[in-house]
Amino acid sequence: MRSLMWLGAGLVAGLGLAWGVTTGPDGATNGSTAGAQTAQTDTAQRVAPTSTAQVQLSYAPVVQRVSPSVVNIYTKTLVSRQPMMEDPFFRFFFGGRQAQPRVQNSLGSGVIVRKDGLIVTNRHVVGEADEITVVLADRREFPGKVILQDERSDLALVEINTNGKDLPVMQLGDSDRLQVGDITIAIGNPFGVGQTVTQGIVSAVRSGGGPTGYQYYIQTDAAINPGNSGGALVNLAGELIGINTFIASPTGGSVGVGFAVPVNMVRSIIGAAGTGKLVRPWVGVEGQAVDTDIASAVGLERPRGVMVNRLSPQSPAAKSGLKTGDIITAIDGKEVTDSSELQFRVATKQIGSTAIFTVLRNGKAQNIKVTMMAPPEVPKRDETVLSGNSLFSGVKVANLSPALSVELGGNLPEQGVIILEMSRNSPAARIGVLQPGDILEAINGNTVATVDALEKAVAQAGSGAVSFRFQRGGQRGECAVRPPAYVSCRQ
C-alpha cells in the first residue's frame, strides 16, 4: 500500500437512488426506478433535495442490488530475497545464512463483470501474487488466476472457475457522462474488516495526480482506504463508473481524496479478455497543452486543447490530414484539455474504429476522421543486457518503436534506445547518473540510434573515460565519467 500512491480504493460507488420513489415539495409521488435512473443521466433533471422526505431517502436498495457483484481478493506472495543478507557485512555477522523465504499477505477488492467468473481489479492487487483467493459476498471462496494485466492503467482480469454456475454481474455505465457533484457509493474491504459501503460525490474528473499510467481519473470524496483497491465506484443507477485505485493522503488513511480508473478505460481490458495481451490504439501524435502564452499567440480567447508538436510520418493522424501546429480541442465531441486526456481518449477506442478529431487550424475549427490502428513494432525491440568491462555493463536496453512507446506509457519518442532495467551491480547504477526510462542518444560523440550501434559504441569506449548524452522526461543531459571517481553532468 502506498499513500498518495496505491492506498487504493475499492468500493462500490455511485450506487444511487435508482430504487426510487421520490416525492415533490407537496409530498406527491413523482418518481420510479426508471425515473431515478433517468435523473442520473439527464442533466436537465438533476435537482437538489427540496423536502425532508427527499433527504430521508435511502441508498439501501441499490446497495443490495450491486453488492453481490463486489468480491474480496486475498493474495499471497512468496518473498525470498532479503537485500540485507546480500550485504557481505551482514552475512559475516549472521554466519552467511541464506535468506529464508517468507509469505507476504495482502488484500483488495474486485468487481464481477461476466457471469462465468471474470473479475476486474487493480493490477497492484494481484500482479505479483503467487496465490489468489476470491471471496464472494455470499462467502463462497474460489482460487483465482490472473489472465490479463495492464500496468499502465493498473487494471487486471482475474478468472475463477464457477463450475457452470452464473454469478451476479455489475452493469457497466458511461464515465463520460459523469458530472462533478454526482453521487457516488463505494463498496470494498477496507483494512480487511469485510464488505463496507461509503458514499460521496464526484469531486472532479481530472488529469494528473496518479503515480503511473494514463493520469486521467475520477476523483471522489467517498471514503477509500487500504483494502478497497480494485473495488467499484457506482452511479445512482447502480452502474459501474470506475475502479477505485489510490488515494492522496499524508497519513495513509482516507482524507476524502480518492481516485478511480474510469469505466470507459475498464471496457478496453474487458474486451481483451481471452487474447492474453492488451494492444492499445496508436495515432502517432505528440503535443503539449495550450497554455496562456500559446493561446495568446494563436488568437484563442482562452487556453484549451493540445497543440500538435510532432506527427509520425506514416501514422494514422498524419495520413488523415492532421498537421503540426493544429490544436486538438475534442475527440468524438469530448473536450481534450491536455496530453494525458488525449492519450486517455485514444486508449479507450477499439483498434479499427474511427474517431473524430476536432482541431483548430488558422483559427477555424474542422473535424478530421482518424482510424485507430495497432502500433507497429519497427524496428524490433531487440532487448539486450549490455556486458563487458564498461560503465554500461548490466544495463538492459531496447529499440524504441511506436509499439514499445505505447506499451511503456506513451510520451516517449518512437525511435531511439531506451534503458529498461539496470542491475544493482552495474557501474552506471552505482554512480546514479542513469535510470530506467532514460533514452541514450550518443556515446563519446557517436550517435546511437539502435541497440546494435550502442553495443559497438560501448565496446569501443571500453573501461576508460566515457561521455554520453541522454534524454529524460523530454530534457537532455550530458555526463562525462572518468575512472575511478570523476563524474560530471549537466543539462
Side-chain angles (χ1 to χ4, degrees), residues 8-19 33 36-37 40-41 59-73 108-123 125-126 134-140 142 144 147-148 153-160 162 165-178 182-190 194-200 202 218 220 222 224 227-245 258 260-273 348:
L11 299 45
V12 172
L15 312 176
L17 298 178
W19 66 283
T33 300
Q37 292 176 352
Q40 163 63 21
T41 56
Y59 299 106
V62 181
V63 173
Q64 292 168 7
R65 188 170 75 250
V66 301
S67 59
S69 301
V70 182
V71 303
N72 297 336
I73 297 176
S109 304
V111 182
I112 302 170
V113 293
R114 209 169 62 193
K115 64 182 181 180
D116 62 353
L118 186 68
I119 295 163
V120 65
T121 184
N122 285 137
R123 180 191 178 275
V125 171
V126 297
V134 176
V135 182
L136 305 188
D138 62 10
R139 301 176 65 181
R140 283 182 291 168
F142 298 88
I147 62 169
L148 187 65
S153 64
D154 192 28
L155 294 173
L157 294 178
V158 174
E159 189 176 62
I160 61 176
T162 65
K165 295 182 179 179
D166 290 348
L167 299 181
V169 174
M170 181 82 70
Q171 298 302 311
L172 305 186
D174 183 356
S175 50
D176 285 342
R177 304 189 69 155
L178 289 177
D182 284 353
I183 294 174
T184 59
I185 297 177
I187 302 178
N189 184 17
Q195 194 174 90
T196 301
V197 179
T198 55
Q199 176 265 331
V202 174
I218 302 165
T220 180
I224 290 168
N228 290 139
S229 292
L233 196 66
V234 183
N235 65 15
L236 292 182
E239 298 169 330
L240 183 70
I241 56 172
I243 295 295
N244 291 309
T245 300
V261 176
V263 71
N264 289 0
M265 177 65 77
V266 177
R267 288 179 187 275
S268 63
I269 191 169
I270 295 174
T348 58

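Just the heavy atoms: all of them, side chains too, but no hydrogens, waters or symmetry mates, feed the values below.
Between T184 and Q199 there is no side-chain heavy-atom pair separated by less than 4.5 Å. For the pair I243 and T121, the minimum side-chain heavy-atom distance is 4.5 Å or more. Between D182 and L236, every side-chain heavy-atom pair lies at or beyond the 4.5 Å cut-off. In this structure, the side chains of L172 and E239 stay at 4.5 Å or more apart for every pair of heavy atoms. Under the 4.5 Å side-chain criterion, counting only non-hydrogen atoms from C-beta, V263 is not in contact with I218. Proximity of F142 to V135: side-chain heavy atoms (C-beta onward) are nowhere separated by under 4.5 Å. The closest side-chain heavy-atom distance from V134 to I119 is below 4.5 Å. Looking only at side-chain heavy atoms (C-beta outward), Y59 and V197 stay at 4.5 Å or farther from each other.
Between the side chains of S268 and T348, not a single donor N or O lies within less than 3.5 Å of an accepting N or O.
Panel note: side chain D154, backbone R123; a donor-acceptor pair is recorded below 3.5 Å. Looking only at distances, a side-chain donor or acceptor of S109 sits under 3.5 Å from a matching main-chain atom of N189.
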(request) Start with the C-alpha distance between I224 and T198, add both sets of side-chain angles, then the distance that settles side-chain contact (heavy atoms from CB on, under 4.5 Å), and finish with yes or no. (result) CA-CA 8 Å; I224 290 168; T198 55; 5.5 Å; no

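How far CZ of R267 is from CG of L240: 9.0 Å, rounded to the nearest 0.5 Å. Summarising the geometry, atom CD1 belonging to I147 is positioned 11.5 Å from atom CD1 belonging to I160; distances are rounded to the nearest 0.5 Å. The line from NZ of K115 to NZ of K165 is 15.5 Å long, rounded to the nearest 0.5 Å. Atom CG in L148 sits 11.0 Å away from atom CD1 in I270 (nearest 0.5 Å). L167 CG to I112 CD1: the interatomic distance, rounded to the nearest 0.5 Å, is 4.5 Å. Atoms OG1 and CZ, from T162 and R114 in turn, are 10.5 Å apart once rounded to the nearest 0.5 Å.
In terms of heavy-atom proximity, I241 sits nearest to S175 at O-CB, 3.8 Å. S69 and P168 get closest at one heavy-atom pair: OG-O, 3.2 Å. The minimum heavy-atom distance between A137 and P68, with the atom names listed, is CB-CA, 3.9 Å. Here the closest heavy-atom approach between residue V62 and residue G238 is recorded as CG1-CA, 3.9 Å. For Q195 against S67, the heavy-atom pair with the smallest separation is OE1-CB, 3.2 Å. A pairwise comparison of heavy atoms in V158 and G144 identifies CG1-CA, 3.9 Å as the closest pair.
Checked against salt bridge (Lys or Arg N to Asp or Glu O under 4.0 Å), D174 has no partners two or more places apart in sequence or in another chain. For D176, the side-chain hydrogen bond (donor to acceptor under 3.5 Å, both in side chains) partners are N264, R345, not counting sequence neighbours. Not counting sequence neighbours, D166 has no partner by the side-chain hydrogen bond (donor to acceptor under 3.5 Å, both in side chains) test.
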